[in-house]
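To start, the structure itself, in structure tokens.
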There are 2 protein chains.
Amino acid sequence: MRDSVGTGLDLPLDQVMVGDCIDLMRRLPPASVHAIFADPPYNLQLKGDLRRPDDSLVDGVDEAWDRFDDLPAYDAFTRAWLAEARRVLRKDGTIWVIGSYHNVFRLGAALQDLGFWVLNDIIWRKANPMPNFRGRRFTNAHETLIWAARGPESKYRFNYAAMKALNDELQMRSDWFIPLCTGQERLRDETGAKLHPTQKPEALLHRVILACTAPGDVVLDPFLGTGTTAAVARRLGRRFIGLERDPAYAAAAQRRVAAVAPIPEDAAQVTAGKREQPRLPFGALVERGVIPAGSILVDRARRWSATVAADGSIRCGRAQGSIHQVGAAVQEAPSCNGWAFWHVEQPGGTLRLLDEYRAEMLAAR
Amino acid sequence: MRDSVGTGLDLPLDQVMVGDCIDLMRRLPPASVHAIFADPPYNLQLKGDLRRPDDSLVDGVDEAWDRFDDLPAYDAFTRAWLAEARRVLRKDGTIWVIGSYHNVFRLGAALQDLGFWVLNDIIWRKANPMPNFRGRRFTNAHETLIWAARGPESKYRFNYAAMKALNDELQMRSDWFIPLCTGQERLRDETGAKLHPTQKPEALLHRVILACTAPGDVVLDPFLGTGTTAAVARRLGRRFIGLERDPAYAAAAQRRVAAVAPIPEDAAQVTAGKREQPRLPFGALVERGVIPAGSILVDRARRWSATVAADGSIRCGRAQGSIHQVGAAVQEAPSCNGWAFWHVEQPGGTLRLLDEYRAEMLAAR
DNA sequence: TTCAAGCCTGAATCTCACC
DNA sequence: CGGTGAGATTCAGGCTTGA
């Protein structure tokens, strides 16, 4: 099982640490965090000012932390922090990295080269992107997140049912439509200027954290900035470790997180899929007399019928075995979920699925 | 000026050449094509069968051309063909490369390393992607195209106005919503089996070719497959050079292209707007109570306010009509995109753009 | 002829606990 | 670590079928 609480190791939980993220990660024990979200410098390579058609100046990214001498320098930096991140990540953990076309190919290639296993690339479609003022390119209306497991064989967590619930009971797709971080949510200084040039929307982190962690899990952000990851992790009942080089950003993040109230514990739980629910053998239903030995099971079309034995096996003609095995055998299918295949005839002549008996029993505990 | 006709050099125009694309490109003169579209193998690394929940088998990619020993082998292949492509590309030309998360980071990094200058990454959002049958990842609902100039200083062609016209007079964004290639458009053999496992939709190539070429320009496709690039280029009055290793694919492409009639020359200049995404009338938001009748709409500066009527029209003073008409009227402008002009006052006092409501609704379907 | 219901399929790195 | 078996798992769109 996953440890959701302390592992006995000293993790600096729910803190913002100021310093170089590579140095700070080196101090963390190996395989200690459940998830990592990283929003590294994009290496934008902007030249000169950008002005809108009305001649107003675009307040773009022009910070020292976003300047690298060249692509090899950026690659070296990327591989250094990703290697530390991989060491710190638990075997069953996953990492999210966000970037734009300036850097995302470097990030993705580095992830693959270091042994991470890409699970999805996710497109954050911006509701309100900045237009292309010069009309020389397409409006850059998205950013890309890469979601990766530690390796190809990793048993990672994906809260499938929770994501499906978020999306109106349809599978969550790889394209996410989320507005930019603006308005009240955007942190500003006394003059009203934005505190950080690339603050991410909380809605984005909400989905990320909900997708791959359980309450109590530890989320590491090596480029915390003004603390969106930490704030959302705290609100959702997760623990966080925030690393940030700039003391001013770190201080702002601290203040921001301190003001966040976690939601009630039950609200922080993710919708459990059937995989997460406790297993109940069919034999238990027979033992307890819910479906007594001797009962007749039929498929939905009443094409086949089978008799329940006292040990929970069933028989249909010459086929005998578990509800799954016999279901597969009669259909000549490679496999079959017997819970969703066999029914019991009800007094009124209607059929009731085995899965409904199971659900009832699980609910009653 | 750009040459749109012959350069005096012998180019094998409007032909499909059978052979290895690197060998064939070597025979082409340098700086000779205006645009390149490349759909290289994705290096999918599929293991075993995949079955749908109904036990039917997914007909996946299982072709020899998609198998590589490892990532370094794939990288070597990628860099070899991209280097030739760059040599063949005119100084003012651009290249498009399409891939998925399996290979697109390798492609992008190679492009950058070889000196190409990325202009955009474009997301092809699929209308009807295959679901994730095992519920272990997000539905992989997109592919990525990288659009790049030959170098940072290149004077490349971008048909800004044509793209804007295609998009209902809004700047074309980097996320494109286009259905898969299915039905009549999909090439099949006598048995009804698909001729090529990864045939791209013509709508995708239509937009690509229209974005960066003029009539008469030469479009090179080093991985022609069954000839989508050639067919669309011909229809749009462009010239093409198609390279394909597999004689069967090449023959199918030849037959396909031969059946294509170029559109009239004037139509090739500007293409009529084709709506790839379902339109959502403003009235639908009113009907469904997202923006109830009686709501007040204001512009961003709160200079004007308008009242929403039950039929989806709005009124501001004497002006009454659609959100677009009234927006234009109050500003005394010839036209107005009401979705990007009107806002709804939120409980917190912030404004929310109509476009965000619409987008939310479209995403939720 | 029309319409509704059902069928087929798409670039896919697609399970996991237990012995 | 490998083998075994329970049992979890799908959306949209075009086409076909049949009333």
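Chain letters run A, B, ... following the sequence lines, proteins first, then strands; residues in each count from 1. Side chains included, hydrogens not; waters and symmetry mates left out as well; all remaining heavy atoms used.
- The side chain of A:Q325 lies closest to D:dA6, out of D:dT9, C:dG10, D:dA6.
- Remark: aromatic rings of B:W65 and B:Y42 are distant, center separation not under 6.0 Å.
- What separates NZ of B:K47 from C1' of C:dT15 is a distance of 13 Å, to the nearest Å.
- Taking only side-chain atoms of A:S335, from C-beta outward, the nucleotide of D:dG7, D:dT10, C:dA11 with the closest atom is D:dG7.
- Residue whose closest nucleotide on DNA chain C sits further toward the 5' end, between A:R279 and A:F116: A:F116.
- C:dC14 sits 15 Å from D:dG7 when the C1' atoms are compared, rounded to a whole Å.
- Distance CZ (B:F133) to C1' (D:dC11): 8 Å, rounded to an integer number of Å.
- Remark: P of C:dA11 and CG of B:D66 are 13 Å apart, rounded to the nearest angstrom.
- Counting any heavy atom pair closer than 4.0 Å across all strands shown, B:D39 reaches a base atom.
- Here the separation of D:dT10 from C:dC7, taken at their C1' atoms, is 14 Å to the nearest Å.
- An OP1 or OP2 oxygen of D:dT10 is reached within less than 4.0 angstrom by no side-chain nitrogen or oxygen of A:R173.
- Taking the six-membered ring wherever Trp is involved, the centroid distance between the rings of B:F138 and A:F158 falls below 6.0 Å.
- Computed from coordinates, the A:R157 CZ to C:dT15 P distance equals 18 Å when rounded to whole Å.
- The B:D54 side chain lies nearest to D:dT10 when the options are D:dT10, C:dG10, C:dA11.
- Counting non-hydrogen atoms under 4.0 angstrom, B:R136 reaches the backbone sugars and phosphates but no base.
- Listed nucleotides D:dA8, C:dA12, C:dA11 differ in distance to B:V58; the shortest reach to its side chain belongs to C:dA12.
- Among the heavy atoms of the strands lying under 4.0 Å from A:C336 is at least one base atom, whether or not backbone atoms are also near.
- Side-chain proximity of B:T198 to C:dA11, D:dT9, C:dC14: nearest is C:dA11.
- For the pair B:D189 and B:K194, the salt-bridge criterion is not met [side-chain N within less than 4.0 Å of a carboxylate O].
- Here C:dC14 is the nucleotide among C:dA11, D:dG5, C:dC14 with the atom lying nearest to any side-chain atom of B:R134.
- Between A:H324 and the phosphate of D:dA6, there is no side-chain N or O to OP1/OP2 separation shorter than 4.0 Å.
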*asked:* Before you tell me yes or no, could you show the steps for B:E202 and B:R256 under salt bridge (charged side-chain N to carboxylate O under 4.0 Å, His left out), namely the whole-Å CA-CA distance, both residues' side-chain angles and the distance that decides it to 0.1 Å?
replied: CA-CA 12 Å; B:E202 295 196 0; B:R256 178 182 183 182; 2.8 Å; yes
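- For the C1' atom pair drawn from C:dC16 and D:dC1, the interatomic distance equals 15 Å after rounding to whole Å.
- For A:K274 and D:dG7, the shortest distance from a side-chain N or O to OP1 or OP2 is not below 4.0 Å.
- In this model, the phosphate group of D:dT10 is approached by a side-chain N or O of A:Y160 to a distance below 4.0 Å at OP1 or OP2.
- In this structure, B:W124 and B:N132 both approach DNA chain C, and ranking their closest nucleotides by distance from the 5' end singles out B:W124.
- Base-pairing analysis of DNA chain C finds the following stems of at least three consecutive Watson-Crick or G-U pairs, with both pairing distances under 3.5 Å: C:2-10 with D:11-19, C:15-19 with D:2-6.
- Heavy-atom minimum distance, B:P40 versus B:N103: CG-ND2, 4.4 Å.
- The CZ-P distance, from B:R106 to C:dA11, rounds to 24 Å in whole Å.
- The six-membered or imidazole ring of B:W124 lies away from that of B:W176, with a centre-to-centre distance of 6.0 Å or more.
- A salt bridge links B:R106 to A:D113: at least one charged side-chain nitrogen sits closer than 4.0 Å to a carboxylate oxygen.
- Listed pair B:N128 / D:dC11 fails the phosphate criterion, with no side-chain N or O lying under 4.0 Å from OP1 or OP2.
- No side-chain heavy atom of A:M172 sits less than 4.5 Å from a side-chain heavy atom of A:K164.
- Checking C:dT15, C:dA12, C:dC14 against the side-chain heavy atoms of A:R275 singles out C:dT15 as nearest.
- Within the structure, a side-chain polar atom (N or O) of B:Q184 is placed less than 4.0 Å from OP1 or OP2 of D:dC15.
- When ring centroids are compared, A:F282 and A:W342 stay outside the 6.0 Å threshold.
- With hydrogens and angles ignored, a donor-acceptor pair closer than 3.5 Å exists between the side chain of B:R52 and the base of C:dG10.
- Heavy atoms only, all atoms of each residue included: B:P131 and B:T139 are closest at CA-CG2, 4.0 Å.
- Considering only side-chain atoms of A:K164, the nucleotide from D:dA6, C:dA11, D:dC11 that sits closest is D:dC11.
- Contacts of B:R51 with the nucleic acid, taken as non-hydrogen atoms under 4.0 Å apart, are absent.
- A:P152 comes within 4.0 angstrom of nothing in the nucleic acid, heavy atoms only.
- At a threshold of 4.0 angstrom between heavy atoms, the contacts of B:P201 with the nucleic acid are absent.
- If B:M130 and A:D355 are placed on DNA chain D by their nearest nucleotide, the residue sitting closer to the 5' end is A:D355.
- Within 4.0 Å of B:E143, counting heavy atoms only, lies at least one base atom of the nucleic acid.
- The CZ-C1' distance, from A:R358 to D:dA6, rounds to 10 Å in whole Å.
- Nucleic acid contact for B:G48: base, since at least one base atom lies under 4.0 Å from a heavy atom of the residue.
- Not less than 6.0 angstrom separates the ring centroid of A:W339 from the ring centroid of A:Y357.
- C:dT1 sits 16 Å from D:dT16 when the C1' atoms are compared, rounded to a whole Å.
- B:L107 places its CG atom 13 Å from the C1' atom of C:dA11, with the value rounded to the nearest Å.
- The phosphate of D:dA6 has OP1 or OP2 within less than 4.0 Å of a side-chain N or O from A:S322.
- If you check D:dG13, D:dG7, C:dA11 against the side chain of B:K200, the one that comes closest is C:dA11.
- Between B:F138 atom CZ and C:dC14 atom P the separation is 16 Å, expressed in whole Å.
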